[in-house]
Structures are given as structure tokens and as C-alpha cells.
Amino acid sequence: MKRYVVTGGAGFIGSALVRRLLGHGGGEVHVIDNLFSGHEKNLEDVRSKVELHKLDIRDYGGVAAAVAGADVVVHLAAIPSVPRSIHDPVPSHEVNMDGTFNVLRACAEAKVRRVVYSASSSAYGDTEVLPKVETMLPRPKSPYAVQKLTGEYYAGVFHSCFGLETVSLRFFNVYGERQDPSSQYSGVLSLFMRALIERRAPTIFGDGEQTRDFTYVEDVTALIWKAATVPGVGGRVYNAGNGDRYSLNQVWDSLQKIEGVSIPPKYGEPRGGDVRDSQADTTAARRDLGHDPQYTLDQGLRRTLAWYKTQ
Ligand SMILES: NC(=O)c1ccc[n+]([C@@H]2O[C@H](COP(=O)([O-])OP(=O)(O)OC[C@H]3O[C@@H](n4cnc5c(N)ncnc54)[C@H](O)[C@@H]3O)[C@@H](O)[C@H]2O)c1
């Protein structure tokens, strides 16, 4: 029986991935999570089928014990926020860099067959050219971007120096069910969803014309599964976006139309470390991994909104 370990599996993307792994059947699913920003309730309906190791990825011994015997490890645990890495850089450095090193080291020791690492489109920074392609020189603009990029470099080096099969996926603004809207550091679409349901104006930092490649979480977990299983891609880095880009103003307009309301947003000062535009070139992921996003932004927004309304 295959054994899958998901670090950060009680978080937003992790809990969706756990459901996908269980859906494929025939495998054991383990989660490593210290519940820093994840929640046990994200796994509520599948809790009896999952082994939850409540531990911190900075604890090497704990991680090594939890990944022993794993076939595939998907490393999602992180403090995933650009502004948080600026306001409080030490924990984010320790978790995103030292924690990632621990996970890779433990996986190499345990001879895990494949590790999928959650890299970030923030590594690109502001580039003159769109869409952003993996061959571009990264230009990280925040501690978070440096940390995620370093994890990616480490994943590559663990492949070349220690023979660990790693695949890094650069996620681009993922949204969907169970994204936590409760903090100032939450993803923008989760904050939009909450504001819309509460019939409040959201705050947009900057003029709202910044663009993002919003990717629905089910498309991301489908790609993670491919990255975990497709042969011959060890050591590689792929964009995991949808290939489109929409401004924050456009997305808020779409949400208002879906709900049939008119609520002008508030605008705040632009935030340091944020990139202006983001859009993935998905050619390599389509070619090598069979990436095939299924959800348009409108479909993803409707599904996500329907879920938030049940909460
Ligand atoms: N959501 C996005 O748009 C996006 C974009 C690019 C990259 N990513 C990356 O994807 C991954 C998952 O992000 P998410 O959006 O699901 O965020 P999330 O905050 O919902 O999930 C992160 C999980 O990691 C756990 N965690 C944090 N510190 C830990 C530690 N020290 N030890 C063990 N567990 C710890 C949290 O409790 C949480 O469950 C992160 O690595 C993030 O950097 C996300």
C-alpha cells in the first residue's frame, strides 16, 4: 500500500490534497502540521482516514519519524505570506527555510520516492515580460519570495547531490474552499468572499489594477498528483498557474455580479513586497506533467462562494 505524507495537510491547499489522495484510494495518508494557520476542522469529514502528526517541521526528529516509509511526500507546510515575512521575518525564515531543509533531509534519509515542493510565483518578482516562464531569472522582492525560492534551489540540489526525486511547483494565487479569511495575512480572494457575504467593502491595497493568475485549488491538487506520479521529471521546476490574469478590480466586479450587489471597494496604500502583475506560462507543465486546468475563474469563484456561504 502506498504511503503519502502531506506537510501542511491541515491547511487550505493541503486539506484539499488530502481529499484527492484519499479519493485515489488504496493509500495511507499522513499529515504533518503544527496547526499554526491550519485547522483540524479542515479535515473533519476525513479525519478517521488520516493520521495527523501534530508537529513542527523545525523538529527534525519528529519529521524524520513521520516520513519514514513514505513513497511520496508533498511539502506544503510554510508561513505563506509576503507581508507577514516583512512584519515578522524570523519565524517565516525559520519555518520556510530551516523547516524545508529538514523535510528534504528527512526524505533523503528515508529514501522517499518523490517529493513535491510548493514553490511560489513570488520568486519571479516584477518582470518586464508576461507570462512568466521558468527560464526567467528570479527577482524575489520579499523575504517570503527568497525563502520559497531557496526551498526550490534546495529541492534541486537534493536531487542532484543526494538522488532525492523532487519536483517544485510554483503556485500562482490559489483560491477555493477552506482558505482561511480570518487574518490580515489571508489570501485576497478569501477576504473578498468574506466581505461579499457580509455585504462589506473589501480593502484593496493599491489601485486594484494589479493582476494575478488566480488558480482554483482543485486544479492545483490535480497537478500535484501528476507531479507526484509522472516519471522522469526529478529536479525540475514548473509553473502551476492557470495561464490567465485578472486584476483585483475585475475579480471584485465579477463577485458583485454573481451576487447581484454593488459595493465599491476601499483602496489602501500599496503593500511593500507585492508584485504588480503575475501570469504563468504553463507550456512546460502542460508538456511534461499533462497540466490541464479545468476551471475558469467564473466557475471557481461560484464554487468557492457557494462553500463560504455554508460556513
Ligand atoms: N495559497 C497560495 O496562493 C500559494 C501561492 C504560492 C505558494 N503557496 C504555498 O503553498 C503552501 C500551502 O499554502 P496554503 O495557502 O495552503 O496555506 P495554509 O496557511 O493554509 O497552509 C500552510 C499549512 O502549514 C502549516 N504550518 C505552518 N508552519 C508549520 C510548521 N512550522 N510546522 C508544521 N506545519 C506548519 C499550517 O498550520 C498550515 O496548515 C505553502 O507552502 C505556500 O507557501 C501558496
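Each residue takes its place number in the sequence, starting with 1. Just so you know, these numbers come straight off a predicted model, no measurement behind them. Order of appearance sets the numbers: ligands from 1, and atoms from 1 within every ligand.
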Handout entry: Those atoms of ligand 1 less than 4.0 Å from some heavy atom in N173
Key = 3 (O)
Problem - Residue K141 excluded, over 12 heavy atoms near NZ under 6.0 Å - result: yes
Practice task
May I ask whether L55 has any heavy atom positioned less than 4.0 angstrom from an atom of ligand 1?
Solution key: yes
Problem - Exam field: side chain T296 to backbone Q299, donor-acceptor pair closer than 3.5 Å - result: yes
Exercise for the section: Go through the side-chain N and O atoms of T7 and H75 and say whether any donor and acceptor fall under 3.5 Å apart. Expected result: yes
Exercise for the section: Within a distance under 4.0 Å of any heavy atom of V95, pick out the atoms of ligand 1 and give their elements. Expected result: 28 (N), 31 (N)
Handout entry: Short side-chain to backbone donor-acceptor contact, N239 and D281, under 3.5 Å
Key = yes
Problem - Exceeds 12 heavy-atom contacts within 6.0 angstrom, atom CD of E269 - result: no
Handout entry: Donor on one side chain, acceptor on other, N173 and Y246, under 3.5 Å
Key = no
Practice task
Mark up the atoms of ligand 1 that fall under 4.0 Å of a heavy atom belonging to L35, in ascending order.
Solution key: 37 (O)
Practice task
Determine, considering heavy atoms only, which of S122, A119, G8 sits nearest to atom 7 (C) of ligand 1.
Solution key: A119
Fill in the blank from the handout: A student comparing V188, L76, I224, D98 should find that the heavy atom closest to atom 12 (C) of ligand 1 comes from L76
Problem - Plane angle bin for Y124 and F172 - parallel if under 30°, tilted between 30 and 60°, otherwise perpendicular - result: tilted
Exercise for the section: Could you pull out, from F171, F172, Y185, the option with a heavy atom nearest to atom 4 (C) of ligand 1? Expected result: F171
Practice task
Please verify whether a non-hydrogen atom of G187 lies at under 4.0 Å from ligand 1.
Solution key: no
Completion exercise
Out of I57, V6, N34, T7, the nearest non-hydrogen contact to atom 29 (C) of ligand 1 is supplied by N34
Problem - Atoms of ligand 1, numbered as shown, that sit under 4.0 Å from any heavy atom of A10 - result: 39 (O)
Exercise for the section: Indicate, as side chain, backbone, both or neither, the part of D180 found under 4.0 angstrom from ligand 1 when only non-hydrogen atoms are considered. Expected result: neither
Exercise for the section: Determine, using heavy atoms of G9 and all atoms of ligand 1, whether some pair is separated by less than 4.0 Å. Expected result: no
Problem - Structural part of H39 in contact with ligand 1, heavy atom criterion under 4.0 angstrom - result: neither
Exercise for the section: Would you confirm whether E209, through its side chain, and S247, through its main-chain N or O, come within 3.5 Å as a donor-acceptor pair? Expected result: no
Problem - Geometric class of the Y175/F214 ring pair [parallel <30°, tilted 30-60°, perpendicular >60°] - result: perpendicular
Fill in the blank from the handout: So the atoms of ligand 1 within less than 4.0 Å of a heavy atom of V174 turn out to be 1 (N), 2 (C), 3 (O)
Fill in the blank from the handout: The atoms of ligand 1 lying under 4.0 Å from a heavy atom of K148, numbered in the order shown, are 40 (C), 41 (O), 42 (C), 43 (O)
Completion exercise
So the atoms of ligand 1 within less than 4.0 Å of a heavy atom of P80 turn out to be 17 (O), 19 (O), 42 (C), 43 (O)
Practice task
Could you name the option among A78, A77, S92 that has the heavy atom nearest to atom 27 (C) of ligand 1?
Solution key: A78
Exercise for the section: For ligand 1, indicate whether the residue N96 contacts it via side chain, backbone, both or neither (heavy-atom separation under 4.0 Å). Expected result: neither
Practice task
Assess Y144 for proximity to ligand 1: is some non-hydrogen atom of it under 4.0 Å away?
Solution key: yes
Practice task
Considering the heavy atoms of G11, write down every atom of ligand 1 situated less than 4.0 Å from one of them.
Solution key: 20 (O), 21 (O), 38 (C), 39 (O)
Handout entry: Step-by-step side chain to side chain contact (heavy atoms under 4.5 Å, CB included) determination, D274 to Q210
Key = CA-CA 9 Å; D274 276 349; Q210 61 269 49; 5.7 Å; no
Handout entry: A155 backbone acceptor or donor facing T166 side chain under 3.5 Å
Key = yes
